[in-house]
Number of protein chains: 2
Amino acid sequence: MTTEAISLDQLRTAIEGALARHLTPGPAIEPRLAEAMRYAVLGAGKRIRPLLTLSTALALGAPAAAAMAPACAVELVHAYSLVHDDLPAMDDDDLRRGRPTVHRAFDEATAILAGDALQALAFELLSTAPLPPDIRIDMISRLSAAVGAAGMVGGQSIDITATGKAVGLAQLERMHDAKTGALLCAAVDLGALAAAAGNETREHLVRFGQRIGRAFQVVDDLLDVTVATDVQGKHAGVDARLGKCTFPALLGVDESRAYVARLEADALDALRAAGITSGALHEIAQQVVNRNR
Amino acid sequence: MTTEAISLDQLRTAIEGALARHLTPGPAIEPRLAEAMRYAVLGAGKRIRPLLTLSTALALGAPAAAAMAPACAVELVHAYSLVHDDLPAMDDDDLRRGRPTVHRAFDEATAILAGDALQALAFELLSTAPLPPDIRIDMISRLSAAVGAAGMVGGQSIDITATGKAVGLAQLERMHDAKTGALLCAAVDLGALAAAAGNETREHLVRFGQRIGRAFQVVDDLLDVTVATDVQGKHAGVDARLGKCTFPALLGVDESRAYVARLEADALDALRAAGITSGALHEIAQQVVNRNR
């Protein structure tokens, strides 16, 4: 099964099927909590992170099945982070992926708990994945470090602390590398681990993930200032309203776009260094750069 | 090293030292987040869960060092759950262990993030514990299931849904078995796993954990109605104020006390079945039953 044989749409469908199965409500789970967890994960997500995991594994010659559990784990963590980031005490947003945020559709307590349960489910999934124990351990170690205080959660904390304050480019990048980049890098690295890749290949791929992650955020900032709410599926102009520093605010729109192009070139260079010259990872990189929501 | 050779106080000191080391602020972590995580975990906790993990391992002949990482992981998860349960959208409490709750001492966003990061750290600790990979995997699988939607978080969700409603004894027990019991059982089971215990021994010990967990909750409810705020270190009468169903409300104070005695006897019976006739686990059971805060 080669990368080229499977389209991103097919992979996305497979991911959504797997996520839905992992979120099937059982008798042991309080129905409202189960419903909120499904609402948070299933629906209109772009699935960039699990696509990165699957595409990396496929590009390195592993079957998609070997990377499906880590792909889902990464998406569960991403979904939990969105639920918590949207809370009134954080970004206080009421629209996500074109629908009311979880605390709006349910209530704040349920949103907090659904996020907490999704994080636990991500690690449960990894621990029971059909992979050798030492690979599962490496994945759990990698993902937990990426999403904890030194990674995703830490980045969100820097974001909140920095809101309303003057921030330089270095600090803005450090914040986004932690908040967004760490999980994207982990998504790629879990795919590499599923394919039992060597350290050198993993390093190139993590550089790819890091550059894509940074491009993703610059594009996000650009969309916030240039694209209307109805196209984005979330409120436009939120960054300015919240007093958040952005790449366009620091660099201007044109220089931000040029920066995205440099990051994309660097990302593709990293793929070449890993011996990957075409396929789904290239397609994802282009989608990240060219997306309009 | 036998169980009898180490006192609970010595074990508690060792646990607190290990927790403090795992929470040492590094340059990669936003200082306010790191401080909130330390505040949430270090301080006046009873450490019942990590003591259960260590004492179980010791009772089964394993060294304390083999169970220290899982003991700390269990306590980190417990601490995160307290931080989130105290939030305004949940129990809205401003006092915990005699000090302001995390969202009062810091702010709500930091409390949510500190809880999230503590959960990730628990799984990171387990994944890097100095134990064979298959045992680490079993521990992660066990803990993640115990604290997710079918366990601790699910129990909190049932609690919130049931607040202000008439609840029967069976539903109250189901709620507490999930909210409190699942993590206490996991605490014991992780100690058994650290000692590479067989399935039969593990089952007896999990029954011990389940009975102790239920006794813990009945005692908690009794303390809430019978002991003043300054002795408990948290507000008294909270359950009634929040409209929560309790064992004393359903059974009366005297029958609740008799129920605790039956649970204690059953817990000690389970220990005997596991071949454990004295030592730290007995002492913990007595402390759970006889505590005044």
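In what follows, every chain begins at residue 1, and chains take the letters A, B, ... in the order their sequences are listed. Computation of the quantities below employed the complete heavy-atom set of this structure, encompassing side-chain atoms and omitting hydrogens, waters and symmetry-equivalent molecules.
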Novice: Where on A/Thr161 is there a heavy atom nearer than 4.5 Å to chain B: the side chain, the backbone, both, or neither?
Specialist: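 For A/Thr161, the contact with chain B is made by the side chain alone.
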
Novice: Check whether A/Leu121 gets within reach of chain B through its side chain, its backbone, both or neither, counting any heavy atom under 4.5 Å.
Specialist: neither

Novice: Between chain B and each of A/Ala28, A/Ala149, A/Ala117, count heavy-atom pairs under 4.5 Å; write down the option with the most.
Specialist: A/Ala149

Novice: Only pairs of heavy atoms separated by less than 4.5 Å count here; which of A/Asp134, A/Val153, A/Ile160 has the most with chain B?
Specialist: A/Val153

Novice: Using a cut-off of under 4.5 Å on heavy-atom pairs, state which of A/Ala178, A/Ala145, A/Gly148 scores highest against chain B.
Specialist: A/Ala145

Novice: Please determine which of A/Ile137, A/Leu126, A/Thr128 meets the side chain to side chain contact (heavy atoms under 4.5 Å, CB included) test together with B/Ile140.
Specialist: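 Exactly one pass, corresponding to A/Ile137.
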
Novice: Chain B heavy atoms under 4.5 Å from A/Leu125: which part of the residue, side chain, backbone, both or neither?
Specialist: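 A/Leu125 has no heavy atom closer than 4.5 Å to chain B.
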
Novice: Using heavy-atom distances under 4.5 Å, tell me whether B/Ser141 contacts chain A through its side chain, its backbone, both, or neither.
Specialist: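 Both backbone and side chain of B/Ser141 come within 4.5 Å of chain A.
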
Novice: Picking from B/Ser144, B/Gly155, B/Ala146, B/Pro88, which has the most non-hydrogen pairs under 4.5 angstrom with chain A?
Specialist: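 Max contact count across the listed options: B/Ser144.
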
Novice: Please report the closest heavy-atom contact between A/Gly154 and B/Glu30, naming both atoms and the distance.
Specialist: O-CB, 4.4 Å

Novice: Which of parallel (below 30°), tilted (30 to 60°) and perpendicular (above 60°) describes B/His84 and A/His84?
Specialist: perpendicular

Novice: Would you mind telling me which of A/Met37, A/Glu108, A/His103 has the largest number of heavy-atom pairs within less than 4.5 Å of chain B?
Specialist: A/Glu108

Novice: Report, as yes or no, whether the 6.0 Å neighbourhood of atom CZ on B/Arg104 holds more than 12 heavy atoms from other residues, nucleotides or ligands.
Specialist: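 At most 12 heavy atoms, drawn from other residues, nucleotides or ligands, come within 6.0 Å of this atom.
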
Novice: Quick one: which of B/Ala120, B/Ser81, B/Gly26 has the most heavy-atom pairs under 4.5 Å with chain A, could you say?
Specialist: B/Ala120

Novice: Between chain A and each of B/Ala109, B/Pro27, B/Ala34, count heavy-atom pairs under 4.5 Å; write down the option with the most.
Specialist: B/Ala109

Novice: Mind ranking A/Ile112, A/Val147, A/Thr110 by heavy-atom pairs under 4.5 Å with chain B and telling me who comes out on top?
Specialist: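 Highest number of heavy-atom pairs under 4.5 Å: A/Ile112.
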
Novice: Would you mind checking which part of A/Arg174 comes under 4.5 Å of any heavy atom in chain B, side chain (CB onward), backbone (N, CA, C, O), both or neither?
Specialist: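 Side chain of A/Arg174 only, per the 4.5 Å heavy-atom cut-off to chain B.
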
Novice: Using a cut-off of under 4.5 Å for heavy-atom pairs, which of B/Gln119, B/Met152, B/Met90, B/Arg136 has the most such pairs with chain A?
Specialist: B/Gln119

Novice: Determine whether B/Asp116 and A/Tyr80 satisfy the following criterion, side-chain contact (heavy atoms from CB on, under 4.5 Å), listing intermediate values before the conclusion.
Specialist: CA-CA 10 Å; B/Asp116 290 344; A/Tyr80 117 67; 3.2 Å; yes

Novice: So what's closer than 4.5 Å to chain B heavy atoms on A/Pro132: side chain, backbone, both or neither?
Specialist: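 A/Pro132 has no heavy atom closer than 4.5 Å to chain B.
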
Novice: Which of the residues B/Leu113, B/Leu87, B/Asp107, B/Leu118 is involved in the greatest number of heavy-atom pairs with chain A at under 4.5 angstrom?
Specialist: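 Highest number of heavy-atom pairs under 4.5 Å: B/Leu113.
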
